[in-house]
Structures are given as structure tokens and as C-alpha cells.
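In what follows, a single structure is set out as C-alpha cells and then discussed.
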Amino acid sequence: MDGVHDMGGMHGFGPVVAPDGDAVYHGRWEPRVFAIQMLVGVEGLGAGPGGRPTREEMDPAHYLAASYYERWLYSAEQRLLRKGTIAPGDVEAMMERLAAGEPAPAHRDAAMAERGLAALRTEHPMKPAPPETRFAVGERVRAKRMHPPGHTRCPRYVRGATGTVEAVRGADRLPDRAVYGENVEPEPVYSVVFASAALWGPSEEPSWTVRLDMWESYLEPA
Amino acid sequence: MTEAHDHHHPRPASEVELRARALEALLAERGLVSADAIDAVVELYENDVGPQNGAKVVARAWVDDGYRERLLRDANPAIAELGFGGTEGDNMVVVANTPAVHNMIVCTLCSCYPWPVLGLPPTWYKSPPYRARAVSEPRAVLREFGLELAEDVEIRVWDSSAEVRYLVLPMRPTGTDGWSEERLAGIVTRDSMIGTAVPVVSDRVLA
């Protein structure tokens with residue numbers, strides 16, 4: 001999806017180093033939203049594509065104006081709505097009750113805390129790559145020209161550029177289809193190196209390189 | 001290195017903060033998400049999982065060539081040797097700085113970050129300017145952090161928008177001969193493992 005989340009190379013956002021920029025959070029609600037979004041997944045309370053594709057569906061103006069964890073709040077709510085765990089208006093109704101002075105309901109469940117921590121300790125590595133892959137290390141490849149309307153991990157700035165396969169990382173299901181529940185087989189994922197000039201043309205900076213991990217479906221022979 | 005902390009000055013709750021509280025209250029009322037589960041996740045990343053983990057990995061690699069070799073060849077088992085691992089560290093790759101190569105990490109599409117070794121990312125890492133500019137003008141970005149690299153150093157930017165998460169292994173600074181692993185870990189900053197800084201031996205550390 002060619003949305004505002006795909007930021008590589010965009011101009012106009014200003015300096016990186018800014019006041020308050022070093023902090024991880026700016027309010028106690030932020031880590032709690034982070035935890036809620038994780039637990040919505042662990043407890044199976046949400047539905048639809050995961051948090052990341054859901055955040056990409058935000059209204060572009062809202063996405064840019066929102067803080068990082070406001071986007072996580074959005075994705076948690078959307079996933080809860082899609083599952084039917086909550087209904088439209090439920091959050092607003094609770095906001096009104098709390099604003100009227102009602103105490104916030106409390107719920108404790110130590111077993112859920114254990115499940116949450118266990119999920120965060122669990123790693124889900126990619127599958128090993130098959131011994132023979134379509135592209136070999138050292139081979140020149142081009143990122144396909146494409147304009148996918150849904151989730152993708154192939155950023156705009158790399159499309160059409162030619163690079164070199166540097167490593168085969170493993171095999172993984174193509175997120176462009178897998179996040180929508182399609183039963184796709186794992187395919188090789190390559191580390192591809194691009195020269196700065198191939199991505200950006202001439203620059204005032206001495207040349208550099210950019211590396212991305214790319215599913216085979218994103219690549220064609222150069 | 002700055003950790004996650006609130007500002008201490010009181011301020012009225014924002015609309016989004018009220019909304020977040022309401023969602024938590026709603027899920028609690030229905031018995032779906034418990035306060036202790038939320039607390040456990042929050043405390044995990046505030047107390048146990050943070051850049052202090054990555055610093056131990058780097059310090060070990062600085063003092064133990066065999067560990068360094070294992071770490072660069074297959075990072076997950078090497079990181080697990082020190083007891084670290086988990087979500088967003090599923091496929092770790094460690095990239096080493098050398099006199100000729102400087103690595104830096106970004107996620108242009110999201111804000112992907114190696115949680116088990118660095119914790120949760122700082123605001124600037126998640127911000128549009130960093131996500132936009134790290135790939136298209138890395139030296140200008142590094143200059144903002146006060147890092148000027150020689151013209152002939154190759155900057156390698158790793159856009160971790162897929163499933164691999166990266167950690168930079170910085171070069172061990174001179175003036176640290178004979179230091180213990182623990183003391184070395186003390187100079188390995190979060191930013192030096194993202195690649196927007198390099199470890200320095202300062203008077204503060206020597207004191």
C-alpha cells in the first residue's frame with residue numbers, strides 16, 4: 001500500500017534530533033497501549049490483518065498527526081472491532097462514564113500475565129531457505145515496478161532499482177498475501193544491496209549503500 | 001542514554017490518553033485483558049529488556065573473539081547464550097563496524113527494532129524524519145547526532161522493513177585495554193548499537 005507510512009526518501013519532515021526525541025514514551029498510557037495491543041493478539045481478541053497492516057490503513061492525515069502509540073491504539077481498536085469483541089461506540093461510551101467520575105473497572109488474571117510474557121519470550125524464526133533458489137548470491141536483480149493496494153514490505157523508493165543479492169536470509173510467507181489470511185507457501189527472502197546512486201541519483205554525500213530483505217516475489221532478473 | 005520516563009510536570013490528559021484509558025477499562029470490565037497482564041508487559045520492557053542487554057552482547061564480543069565469530073555468523077544462538085531473545089528478535093543479524101564500514105539501522109515502513117537487545121525504540125527512531133532521511137541522506141542524519149565520518153568510510157544503511165532485525169556491533173574504542181566486560185558494557189550506548197553514534201570513553205565513564 002503506497003501510503004504515508006512508506007517514508008523512505010520523503011522530504012519536508014525536518015530534523016531528526018528534536019526536543020524530547022530521546023524518550024521511549026511521553027506518558028504512562030503509551031506503554032499500556034503497547035501492552036494492550038500485544039495482549040489483544042496473544043488472547044485472540046482481534047481479527048483481520050495484524051497491527052502493522054492495520055496501522056497502514058489509517059487516514060493519512062491522522063497517521064501523520066498521531067504519535068506512535070496513538071497508532072497502536074488505533075490498530076488495537078480496529079482489530080477488536082473486526083472480531084466483534086467490541087462494538088462501535090463502546091469506547092466512547094466508556095469515555096463518557098469515566099468522565100462522569102465512575103471508577104475504572106478492574107480485572108486481574110495472573111495466568112494471562114504468564115501467557116503474555118511467554119508469548120513475548122517466544123521466537124518465530126523464518127524457515128531455512130531451500131538449497132536452490134531462483135536468485136544466487138552475487139546475482140544482479142531489479143526490484144519490480146509495482147503499485148500494490150494492500151500491505152507490502154517492498155518500499156516505494158527501491159522499486160525499479162537494480163541491486164545485488166548478498167545473502168539468502170531464509171524462507172517466509174509473502175506478507176502481501178499472508179496478512180490477509182491467504183495460505184501461501186514460504187518463499188526465499190534475500191538481502192539485496194543497492195548503491196545510493198541507483199536509488200537516489202546524484203547526491204552531495206559520498207556514495208553509500210542501502211540493504212533490504214526482499215521476498216522473491218519482489219524481484220526480477222536485472 | 002535515556003530511558004522511558006514520564007515528564008514530572010502535571011498536564012491535562014489528552015483525548016488519546018482518555019481514549020486509551022477507556023479501552024483498558026472496557027476490556028477490564030468484560031474480563032478480557034487484565035491489569036496484571038498489562039503491568040507485566042510494561043514492566044518487562046522497563047526493567048528487564050533494554051539496551052543494557054545489547055551492551056552486554058557487544059562487550060562480550062569485544063573481549064571474546066570466539067563469541068564475536070559466533071555472533072556475526074549466527075546471531076540468535078549467540079544472543080541466547082547471554083539469556084536474551086524473544087519477540088522482534090526472531091531473526092537477528094549483527095553487523096560489525098570496521099575502520100572502512102559504518103552500519104546504521106532504520107525501518108522506513110514501520111519502526112521495526114530489535115526489542116530483546118535494545119528494548120523499545122526512542123521517539124526519534126519512530127519519527128518521520130528518521131524514517132525518511134536515514135536511507136536518502138545518512139551523513140546529514142549522522143551529523144545531527146554529532147557523528148562525522150571520514151569521506152572514505154562506506155555507510156551501510158539496513159532498512160529492516162522485513163523480518164530480520166539488526167544490531168550494530170560498534171568498534172571497541174581505544175583507551176579501553178584491560179577493561180572488564182562490565183565496564184566495557186557501560187560505554188555501549190543504545191545509539192551506538194543503532195549506528196547513530198559510536199562508543200566514546202568520556203571523563204564521566206572514567207570517573
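Within every chain, numbering begins at 1; the chains are lettered A, B, ... in the order of the sequence lines, protein sequences first and strands thereafter. None of the values given here were measured: they were computed from a predicted structure.
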Taking the basic N atoms (NZ, or NE/NH1/NH2) and the acidic carboxylate oxygens, is any pair closer than 4.0 Å for [X] and [Y]?
{"X": "B:Arg70", "Y": "B:Glu81", "result": "yes"}
{"X": "B:Arg30", "Y": "A:Asp90", "result": "yes"}
{"X": "B:Glu144", "Y": "B:Arg133", "result": "yes"}
{"X": "A:Arg169", "Y": "B:Glu163", "result": "no"}
{"X": "B:Glu29", "Y": "A:Arg97", "result": "yes"}
{"X": "B:Glu24", "Y": "A:Arg28", "result": "no"}

Under 4.5 Å heavy-atom distance to chain A, tell me which part of [X] shows up: side chain, backbone, both or neither.
{"X": "B:Tyr166", "result": "side chain"}
{"X": "B:Val49", "result": "neither"}
{"X": "B:Glu43", "result": "neither"}
{"X": "B:Leu44", "result": "side chain"}
{"X": "B:Asn91", "result": "side chain"}
{"X": "B:Asp152", "result": "neither"}
{"X": "B:Glu154", "result": "side chain"}
{"X": "B:Arg165", "result": "side chain"}

Can you tell which of [options] has the highest number of heavy-atom pairs within less than 4.5 Å of chain A?
{"options": "B:Met92, B:Arg19, B:Arg21, B:Glu88", "value": "B:Arg19"}
{"options": "B:Asp36, B:Leu26, B:Val157", "value": "B:Asp36"}
{"options": "B:Val42, B:Asn76, B:Val153", "value": "B:Val42"}
{"options": "B:Thr196, B:Val141, B:Asp39, B:Val106", "value": "B:Asp39"}
{"options": "B:Leu27, B:Val16, B:Leu18, B:Val93", "value": "B:Val16"}
{"options": "B:Gly119, B:Pro122, B:Ser127", "value": "B:Pro122"}

**Report entry** Full working for side-chain contact (heavy atoms from CB on, under 4.5 Å) between A:Tyr157 and B:Asp159
**Finding:** CA-CA 11 Å; A:Tyr157 75 85; B:Asp159 186 349; 2.7 Å; yes
Contact origin within [X] toward chain B - heavy atom pairs under 4.5 Å:
{"X": "A:Leu120", "result": "both"}
{"X": "A:Val210", "result": "both"}
{"X": "A:Ser191", "result": "side chain"}
{"X": "A:Ile86", "result": "both"}
{"X": "A:Tyr69", "result": "side chain"}
{"X": "A:Glu92", "result": "side chain"}
{"X": "A:Met95", "result": "both"}
{"X": "A:Asp6", "result": "both"}
{"X": "A:Leu98", "result": "side chain"}
{"X": "A:Arg156", "result": "neither"}
{"X": "A:Tyr218", "result": "neither"}
{"X": "A:Arg52", "result": "side chain"}
{"X": "A:Ser196", "result": "neither"}
{"X": "A:Ala18", "result": "neither"}

Report task. Show your working on side-chain contact (heavy atoms from CB on, under 4.5 Å) between B:Phe145 and A:Val17 and close with a plain yes or no. Result -> CA-CA 7 Å; B:Phe145 284 90; A:Val17 176; 3.9 Å; yes
Query raised in the report: Do we get A:Arg71 above A:Tyr63's six-membered ring, with its NZ or CZ under 6.0 Å from the centre and within 45° of the axis?
Result: yes
Report task. Examine A:Arg55 relative to A:Trp72 and say whether NZ or CZ is less than 6.0 Å from the centre of the six-membered ring and inside a 45° cone about the ring axis. Result -> yes
Quick one: which of [options] has the most heavy-atom pairs under 4.5 Å with chain B, could you say?
{"options": "A:Leu64, A:Val42, A:Thr152, A:Thr122", "result": "A:Thr122"}
{"options": "A:Ala113, A:Gly21, A:Ser67", "result": "A:Gly21"}
{"options": "A:Arg153, A:Arg115, A:Arg211", "result": "A:Arg211"}
{"options": "A:Met10, A:Glu30, A:Met112", "result": "A:Met112"}

**Report entry** Beyond-backbone contact of A:Tyr68 with B:Leu120, side-chain heavy atoms, under 4.5 angstrom
**Finding:** no
For the atom pair [atom1] ([X]) and [atom2] ([Y]), what is the distance rounded to the nearest 0.5 Å?
{"X": "A:Glu70", "Y": "A:Ser75", "atom1": "CD", "atom2": "OG", "answer": "11.5 Å"}
{"X": "B:Leu142", "Y": "B:Glu137", "atom1": "CG", "atom2": "CD", "answer": "10.5 Å"}
{"X": "A:Gln78", "Y": "A:Arg82", "atom1": "CD", "atom2": "CZ", "answer": "5.5 Å"}
{"X": "B:Lys126", "Y": "B:Cys107", "atom1": "NZ", "atom2": "SG", "answer": "13.0 Å"}
{"X": "B:Ile38", "Y": "A:Arg108", "atom1": "CD1", "atom2": "CZ", "answer": "10.0 Å"}
{"X": "B:Ser161", "Y": "A:Met214", "atom1": "OG", "atom2": "CE", "answer": "10.0 Å"}

Requested in this report: Could you check B:Val168 against B:Trp158 for side-chain contact (heavy atoms from CB on, under 4.5 Å), going step by step and ending with a plain yes or no?
Outcome: CA-CA 10 Å; B:Val168 174; B:Trp158 300 84; 5.9 Å; no
